[in-house]
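A quick write-up on the structure given underneath.
Since the model is a prediction, treat every value here as computed from it, not as a measurement. Atom set for the values below is all heavy atoms of this structure, side chains included, hydrogens, waters and symmetry mates excluded. Protein chains get the first letters and strands the later ones, always in sequence-line order, with residue 1 at the start of each.
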There are 2 protein chains.
Amino acid sequence: MTMSNTGGRRRPPTIHDVAREAGVSRGTVSRVLNGGHYVSPTAREAVDAAIRKTGYVVNRHARSLITGRSDSVGFLLTEPQEKFFEDPNFNVLLRGCTQALAAHDIPLLLMLAGTEDERRRITRYITAGHVDGVLLVSSHSGDPVAEELRKAGVPLVACGKPIGLGSKVSYVAADDRDGARDMVRHLLSLGRRRIGMVTGPQDTPGGVERLAGYREVLTEAGVGVDERLVVSGDYSRASGEAGAERLLAQAPDMDAVFVASDLMAQGVLSALQRAGRRVPEDVAVGGFDDSPAATAATPALTTIRQPWDRISNEMVRVLLAQIGGEDSAAVILPTELVRRGST
Amino acid sequence: MTMSNTGGRRRPPTIHDVAREAGVSRGTVSRVLNGGHYVSPTAREAVDAAIRKTGYVVNRHARSLITGRSDSVGFLLTEPQEKFFEDPNFNVLLRGCTQALAAHDIPLLLMLAGTEDERRRITRYITAGHVDGVLLVSSHSGDPVAEELRKAGVPLVACGKPIGLGSKVSYVAADDRDGARDMVRHLLSLGRRRIGMVTGPQDTPGGVERLAGYREVLTEAGVGVDERLVVSGDYSRASGEAGAERLLAQAPDMDAVFVASDLMAQGVLSALQRAGRRVPEDVAVGGFDDSPAATAATPALTTIRQPWDRISNEMVRVLLAQIGGEDSAAVILPTELVRRGST
DNA sequence: CATGCTTCTGTGAGCGTTCACAGTAGAGAA
DNA sequence: TTCTCTACTGTGAACGCTCACAGAAGCATG
């Protein structure tokens with residue numbers, strides 16, 4: 001037994017201790033630790049045993065000092081944080097990324113760039129090389145922090161297609177346009193022809209794409225787009241409610257509505273109910289996201305599921321590849337129509 | 001093609017470069033960087049200028065290697081993660097801690113101990129000294145990870161009083177018992193006497209304390225506790241709904257109900273509505289948490305606000321103090337009754 | 001026998017800091 | 001003068017690791 005200190009500070013074993021214990025040199029231990037080429041089976045076994053016996057864990061600081069890598073990545077949120085922290089999708093994303101990184105033994109550093117001061121601090125922290133790469137949640141256009149990171153050559157993967165940034169930024173996104181197309185086709189297949197839409201904000205890629213999908217399908221189907229059937233929202237419940245009211249006023253004959261988020265769709269349901277319209281009999285309602293709000297609503301929402309678990313996995317995969325020297329990449333993942341009571 | 005120097009990898013300036021630029025030695029630069037005792041004004045000025053000019057940022061790995069500190073802390077969640085990531089309180093807590101730490105220039109590492117594998121990895125990571133301390137979210141009893149960290153002498157601050165752990169673990173909590181007392185007193189002051197309760201899980205400190213407060217006030221007031229008026233829930237919306245149904249069956253004359261979380265209270269509202277009871281006329285409903293669910297409910301919930309922003313700040317303060325060598329501490333923060341339409 | 005190749009191992013250097021210590025200069029006291 | 005004290009500065013030695021390189025051993029080939 002090594003000397004033990006009651007409940008406190010014990011000097012952790014170093015690679016040196018392991019080498020001595022295994023009867024080999026530091027170099028051999030290091031080789032076993034990384035990759036492990038050119039190591040004899042006997043040496044490897046001895047080292048493994050010594051590691052187990054001593055409880056050795058590599059000192060990442062020492063390693064980072066020489067490799068230049070930090071073996072950690074940042075999860076950067078530059079959006080207004082209240083909004084995102086209330087968003088269940090964001091939570092799934094954060095959780096998914098943390099777990100995907102954990103599988104590679106890479107810790108995730110949570111970075112919230114709210115105030116100007118925080119933005120500066122975080123930018124410096126990242127460009128100084130204290131993380132190897134950044135997972136970026138900042139879908140809206142013209143983000144100065146992201147732009148600066150891009151310029152500094154920091155490996156970067158955005159969630160959702162970044163609007164403001166140069167084309168060289170990697171991103172992973174759900175196929176918003178195709179999802180919207182699916183939903184509108186679904187509504188058409190139910191015989192609806194006066195299909196309204198409550199859009200998302202038009203400075204976000206998702207908002208733009210979902211509207212585009214809506215327009216495309218209606219045009220292709222020969223139904224055409226009636227601009228009185230299109231109103232804009234900001235993904236909030238309240239804006240869905242307001243949007244539905246405007247739609248009912250502008251186009252009382254509306255028989256379906258595609259809402260760009262489930263949360264807004266909840267608001268739409270309230271407004272329709274207040275106006276005495278039955279869902280789905282009078283008006284079919286389609287949401288987007290498949291968030292908890294979708295199942296909590298009455299009736300439960302037909303919606304488009306975004307593959308958040310796959311998105312987080314892909315973001316991590318692409319980021320690690322980029323850290324490894326590969327080129328930037330864009331990954332677009334398919335969505336899925338989930339049919340429930342509202343259509 | 002490999003990533004070339006077009007916008008990327010330049011060797012960052014070291015303390016050496018700064019020293020040369022300022023015409024002083026490494027030691028002096030280091031002294032300016034930390035604390036800064038025994039540095040002449042001229043030297044300090046020269047160093048500051050050189051730092052600005054070179055854009056120097058300290059290499060944390062090198063620093064950590066010698067100091068033994070990592071200047072980072074972990075935010076550890078050992079609970080089932082789905083549950084927590086859906087909990088708005090958890091999000092506020094995570095955000096608050098991140099920001100409070102950022103003010104000290106300390107990054108937060110998010111650690112999710114879901115699978116057995118992850119638990120082992122995280123325990124090793126932490127006990128190896130890769131973080132200086134841990135903010136712990138694990139209110140339920142008998143957490144093996146937390147216990148191991150405590151034994152290893154890792155600075156630890158829990159959110160909510162940890163049940164299973166030894167008394168030496170620091171924690172910060174809202175005054176659950178006092179909050180519950182406030183709510184029940186409030187209901188009594190409205191003239192209600194048949195006050196039911198839907199409790200939280202009894203293996204969490206919050207669940208226990210809220211029930212205790214309920215019992216205390218009713219006993220003190222001479223009303224007494226009718227066990228048919230007490231049912232247990234698990235903080236989920238569904239369990240609130242089920243609990244209300246049981247209460248209505250066991251005690252149809254119930255004229256108020258204290259629900260241990262807002263989410264459950266939402267379920268209670270649904271059940272009461274279905275049973276034809278008006279809120280608050282027939283049955284007054286009091287929640288706990290003041291989460292978004294409270295204002296989203298109809299009618300809006302009277303509830304007990306937990307001071308989550310203060311909780312996160314205190315957790316960070318206590319943890320940093322403990323890392324600095326101070327003793328463990330327990331901090332209990334007052335709650336606040338928020339009156340809305342449901343009472 | 002020398003030469004080359006492959007597979008494996010040990011060694012010294014050095015990554016960028018901090019820290020302990022030694023040293024210097026100037027002021028004041030003996 | 002000489003000594004002491006204070007205020008400041010410079011210098012090696014670490015910290016624990018990886019990396020490049022030099023060697024050693026085993027085996028086939030010239």
Return the value, rounded to whole Å, for the distance between atom [atom1] of [X] and atom [atom2] of [N].
| X | N | atom1 | atom2 | answer |
| --- | --- | --- | --- | --- |
| His61(A) | dG16(D) | NE2 | C1' | 11 Å |
| Arg69(A) | dC17(D) | CZ | P | 15 Å |
| Leu33(A) | dG16(D) | CG | C1' | 12 Å |
| Asn34(A) | dC19(D) | CG | P | 7 Å |
| Arg63(A) | dC19(D) | CZ | P | 9 Å |

- Message: If I take atom CE from residue Met111(A) and atom CG from residue Leu108(B), how far apart are they, to the nearest 0.5 angstrom?
- Response: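 Reported to 0.5 Å precision, the distance equals 10.5 Å.
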
- Query: Going from OG1 on Thr54(B) to CD on Glu21(B), what distance comes out if it is rounded to the nearest 0.5 angstrom?
  - Reply: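 Nearest 0.5 Å value for the OG1-CD distance: 7.0 Å.
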
Is any side-chain heavy atom of [X] less than 4.5 Å from a side-chain heavy atom of [Y]?
| X | Y | answer |
| --- | --- | --- |
| Cys159(B) | Trp308(B) | yes |
| Leu136(B) | Val145(B) | no |
| Val137(A) | Phe75(A) | yes |
| Ile106(B) | Leu320(B) | yes |
| Leu101(B) | Leu135(B) | yes |
| Ser70(A) | His61(B) | yes |
| Leu149(B) | Leu76(B) | yes |

- What does the inter-axis angle of the helix from dC1(C)-dG30(D) to dA30(C)-dT1(D) come out as, five pairs per end, nearest 10 degrees?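 Between the first-five-pair axis and the last-five-pair axis there is 70°.
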
- Lys/Arg N to Asp/Glu carboxylate O, Lys151(A) vs Glu148(A), below 4.0 Å: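 Salt bridge: no.
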
- Lys/Arg N to Asp/Glu carboxylate O, Asp105(A) vs Arg124(B), below 4.0 Å: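 Salt bridge: no.
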
- Residues two or more places apart in sequence or in another chain: which of them pass salt bridge (charged side-chain N to carboxylate O under 4.0 Å, His left out) with Arg119(A)?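 For Arg119(A) the salt bridge (charged side-chain N to carboxylate O under 4.0 Å, His left out) partners, ignoring immediate neighbours, are Asp143(A).
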
- By salt bridge (charged side-chain N to carboxylate O under 4.0 Å, His left out), which residues pair with Asp117(A), not counting sequence neighbours?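 Partners of Asp117(A) under the salt bridge (charged side-chain N to carboxylate O under 4.0 Å, His left out) test: Arg120(A), Arg121(A).
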
Pairs under 3.5 angstrom, nitrogen or oxygen only, protein versus nucleotides 22-28 of chain D, please.
none

- Between which nucleotides of DNA chain C, read 5' to 3', does contact with chain B run, using atoms under 4.0 Å from its heavy atoms?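 For DNA chain C, the relevant span reads dG16(C) to dT18(C).
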
- Message: Using OP1 and OP2 only, check whether a side-chain N or O of Ser30(A) sits under 4.0 Å from dT18(D).
- Response: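 Answer yes for this pair, as a side-chain N or O of Ser30(A) is under 4.0 Å from OP1 or OP2.
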
- Task: Between protein and nucleotides 9-15 of chain D, map the contacts as a letter string: B base, S sugar-phosphate only, - none, heavy atoms under 4.0 Å, written 5' to 3'.
- Result: BBBBBBB

